[in-house]
Trainee: 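One structure, pasted below without further comment.
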Amino acid sequence: MKKMYSFYCCLFLFTVSNIIAQEKQLDSILISPSVQYEADLYNKKGEKQTFNGKMMNILFAKKVGTAFGGSNDLTLQKFYSSLDVNDKSISIGANFEWKRSDETKKLTWLLSAGAKIKAENKFATVYDNGDFQENNIGTTFKITRIGRGSINFTTTNPRKRRDSAVLKNRELLYEKYDKTTQKFNVENLNEFKRKHDELSRYDKDAKDYKTELEAKSKALYIEMAKEEITYLENNKMYHFVSDNWWSLEVFVPIGENKYLTTSDVLNNALSKKHFYAFNATLSWNYMREYSCGYSFFFKAKANLKNNNNILVDDLKSKAFQTSESGAGGTVVIKDSNDGYITDFEQFVTPSLIIEPAFFIFNNSLGFSPAIELNQGKYNKTNWKLGIPISLKDKDGKPKVNFEVQWKEINTFNSSSHLVGISVNFLFGELIN
């Protein structure tokens with residue numbers, strides 16, 4: 001009995017030591033990313049999905065980050081700068097992907113912060129003769145909540161069996177990356193370990209060997225996911241992808257705008273009026289992109305801004321001079337200022353803007369109508385019909401967006417129909 005007990009004890013110890021040895025061996029070699037990739041196909045309920053969730057995170061971050069700037073305002077560039085001809089301003093800012101440590105994590109929150117500076121003739125004045133122009137500058141803050149996208153790969157074309165093709169391509173990817181890791185373990189692992197051991201002797205803060213291998217395996221994982229995305233896009237292996245996001249944006253001026261106004265040129269001198277140009281916007285965006293090259297966007301935007309009759313009526317200032325009689329009947333010019341002839345009024349304007357957009361030719365050419373419903377004192381409706389055009393770089397990201405527009409703009413007393421071009425230039429590559 002004791003011999004039998006000793007035998008089982010030895011067997012148990014041998015099995016445990018063998019398992020530990022195998023685990024140590026696994027820790028010391030590069031594991032193929034296909035192992036984790038396959039495991040990530042299962043959701044929390046243990047159900048196997050068609051697509052890997054981490055791969056989908058990379059795909060949707062790419063899709064929402066290349067949305068057309070004319071009907072959406074979402075960019076994932078780390079730093080951005082833009083010239084907006086519509087409100088004659090230059091914007092500079094930065095985006096922060098909150099709680100997203102790497103590309104495989106879901107893009108959920110995007111924080112943006114920056115400055116907007118009024119510009120005349122493409123030049124934004126910050127200092128004028130030593131005086132800080134705080135009324136020209138404001139800060140912008142935006143928080144965006146991005147939804148969980150969906151992908152549809154159904155087909156009615158018997159020549160294109162998307163589901164089978166996706167699975168076969170993934171099988172081939174597994175084989176490719178299994179061979180890559182096997183080759184590394186046989187031909188390069190010892191040199192990789194020797195180099196790590198040599199350098200770590202002089203750098204006590206260096207990452208340990210296991211961490212280095214995990215980082216290399218993760219890089220291969222992302223590489224394999226992007227290769228599957230390339231296959232899906234180049235071979236039109238999905239019917240459409242869709243996503244949506246909410247954004248809350250606030251514009252806070254650093255200083256107040258100052259207007260010199262008078263209601264009666266003959267009897268009243270110019271008086272100084274102060275105006276704080278606060279603005280807040282809540283918007284919802286939806287995008288659906290089809291693999292065949294066309295797409296649909298929709299935006300609904302609720303806006304609340306401090307307003308005044310000079311802005312609404314687009315009043316132009318005039319030169320005013322004050323004078324007094326000098327010695328010998330001469331006239332002495334005391335002051336020369338630009339002012340407005342109006343009874344100055346300021347008020348809050350709530351508005352709702354609805355704008356769909358339809359695109360063809362890989363989101364390069366589209367049609368985008370929009371309507372703006374204003375309430376309060378400025379109770380007017382504006383609209384526009386636009387043909388947006390997006391010029392993209394080699395990666396498919398929009399770099400120059402412009403829109404040919406026909407629009408109606410209402411003031412308090414008149415209505416104007418305008419035809420022209422609205423332009424928005426992005427300079428992210430110059431800063432990145």
Side-chain angles (χ1 to χ4, degrees), residues 60-61 63-77 80 82 84 86-87 89 91-100 106-116 137-150 242-254 275-288 295-308 311-312 346-357 368-384 386 388 401 403 407 409-410 422 424 426:
F60 284 111
K63 291 300 182 184
V64 299
T66 55
F68 182 75
S71 58
N72 301 269
D73 55 0
L74 184 63
T75 174
L76 301 185
Q77 295 178 120
Y80 66 88
S82 66
D84 195 327
N86 289 331
D87 63 359
S89 67
S91 296
I92 302 173
N95 293 311
F96 306 93
E97 298 175 19
W98 190 28
K99 293 185 177 180
R100 189 176 185 236
K106 181 183 179 300
L107 177 63
T108 302
W109 293 100
L110 187 69
L111 306 179
S112 305
K116 181 181 285 190
I137 306 172
T139 55
T140 58
F141 303 95
K142 183 171 67 174
I143 180 169
T144 300
R145 174 67 162 84
I146 301 168
R148 183 170 295 279
S150 63
S242 63
D243 209 341
N244 71 93
W245 58 93
W246 289 89
S247 292
L248 175 63
E249 183 172 11
V250 178
F251 173 71
V252 181
I254 292 178
F275 177 74
Y276 194 69
F278 173 84
N279 187 61
T281 301
L282 177 65
S283 63
W284 178 74
N285 293 271
Y286 174 82
M287 64 160 287
R288 174 176 287 196
S295 58
F296 167 74
F297 295 90
F298 179 84
K299 166 178 277 189
K301 182 168 71 172
N303 188 64
L304 187 68
K305 68 177 179 179
N306 202 18
N307 208 350
N308 66 61
L311 295 176
V312 170
Q346 62 174 312
F347 43 87
V348 175
T349 300
S351 63
L352 175 65
I353 299 174
I354 298 175
E355 180 182 10
S368 177
I371 187 169
E372 178 187 75
L373 307 171
N374 295 283
Q375 296 296 316
K377 185 174 182 62
Y378 177 58
N379 189 8
K380 301 290 184 179
T381 298
N382 302 317
W383 57 263
K384 68 101 177 176
N401 299 322
E403 187 174 54
K407 60 183 179 180
I409 302 296
N410 288 281
S422 174
N424 182 32
L426 293 179

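Note that the numbering runs from 1 along the sequence shown for the chain.
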Trainee: With sequence neighbours excluded, tell me which residues meet side chain to side chain donor-acceptor pair (under 3.5 Å) with N303.
Mentor: N279, T281
Trainee: Please report the closest heavy-atom contact between A115 and T140, naming both atoms and the distance.
Mentor: N-OG1, 4.1 Å
Trainee: Nearest 0.5 angstrom please: K142 NZ to N95 CG, how far?
Mentor: 7.0 Å
Trainee: Which atom names give the shortest non-hydrogen contact between G147 and K106, and what distance separates them?
Mentor: O-NZ, 3.3 Å
Trainee: Is a side-chain N or O of N382 found less than 3.5 angstrom from the main chain of N410, in a donor-acceptor match?
Mentor: yes
Trainee: Between K384 and E355, does any side-chain N to carboxylate O distance fall below 4.0 Å?
Mentor: yes
Trainee: Is it true that a side-chain atom of Y286 and a backbone atom of S242 form a donor plus acceptor pair closer than 3.5 Å?
Mentor: no
Trainee: Could you tell me which non-hydrogen atom of K299 sits nearest to which non-hydrogen atom of N285, and how far apart they are?
Mentor: CE-OD1, 3.0 Å
Trainee: With side-chain contact (heavy atoms from CB on, under 4.5 Å) as the criterion, how do I354 and F298 come out once you've worked through the C-alpha distance, each side chain's angles and the decisive distance to 0.1 Å?
Mentor: CA-CA 8 Å; I354 298 175; F298 179 84; 3.6 Å; yes
Trainee: Grab the two heavy atoms, one from N374 and one from S351, that are nearest each other, plus how far apart they are.
Mentor: OD1-CB, 3.2 Å
Trainee: For F347, give me all partners under ring-ring contact (aromatic ring centres under 6.0 Å, His included), at least two apart in sequence or on another chain.
Mentor: F412
Trainee: Does the side chain of E97 come within less than 4.5 Å of L110's, by heavy atoms?
Mentor: yes
Trainee: Rounded to the nearest 0.5 Å, what separation is found between the CD1 atom of I409 and the OG1 atom of T381?
Mentor: 11.5 Å
Trainee: Taking the six-membered ring of W245, is the NZ or CZ of R145 close enough (under 6.0 Å from the centre) and on axis enough (within 45°)?
Mentor: no
Trainee: When you measure from the side chain of S368 to the backbone of P356, do you find a donor-acceptor pair of N or O atoms at a distance under 3.5 Å?
Mentor: yes
Trainee: Looking at N244 and W284, what are the two nearest heavy atoms and their distance?
Mentor: OD1-NE1, 3.4 Å
Trainee: Going from CG on D243 to OG on S150, what distance comes out if it is rounded to the nearest 0.5 angstrom?
Mentor: 7.5 Å
Trainee: What are the two closest heavy atoms between Y378 and N307, and how far apart are they?
Mentor: CD2-ND2, 4.5 Å
Trainee: Can a donor-acceptor pair be found, under 3.5 Å and without considering hydrogens, that links the side chain of N306 to the backbone of F278?
Mentor: no
Trainee: List the residues meeting side chain to side chain donor-acceptor pair (under 3.5 Å) with W246, not counting sequence neighbours, and say none if there are none.
Mentor: none
Trainee: Do L311 and F275 touch side chain to side chain, with heavy atoms closer than 4.5 Å?
Mentor: yes
Trainee: Is there a donor-acceptor pair under 3.5 Å between the side chain of T139 and the backbone N or O of V252?
Mentor: yes
Trainee: So, do P369 and W383 sit near enough that their side-chain heavy atoms are less than 4.5 Å apart?
Mentor: no
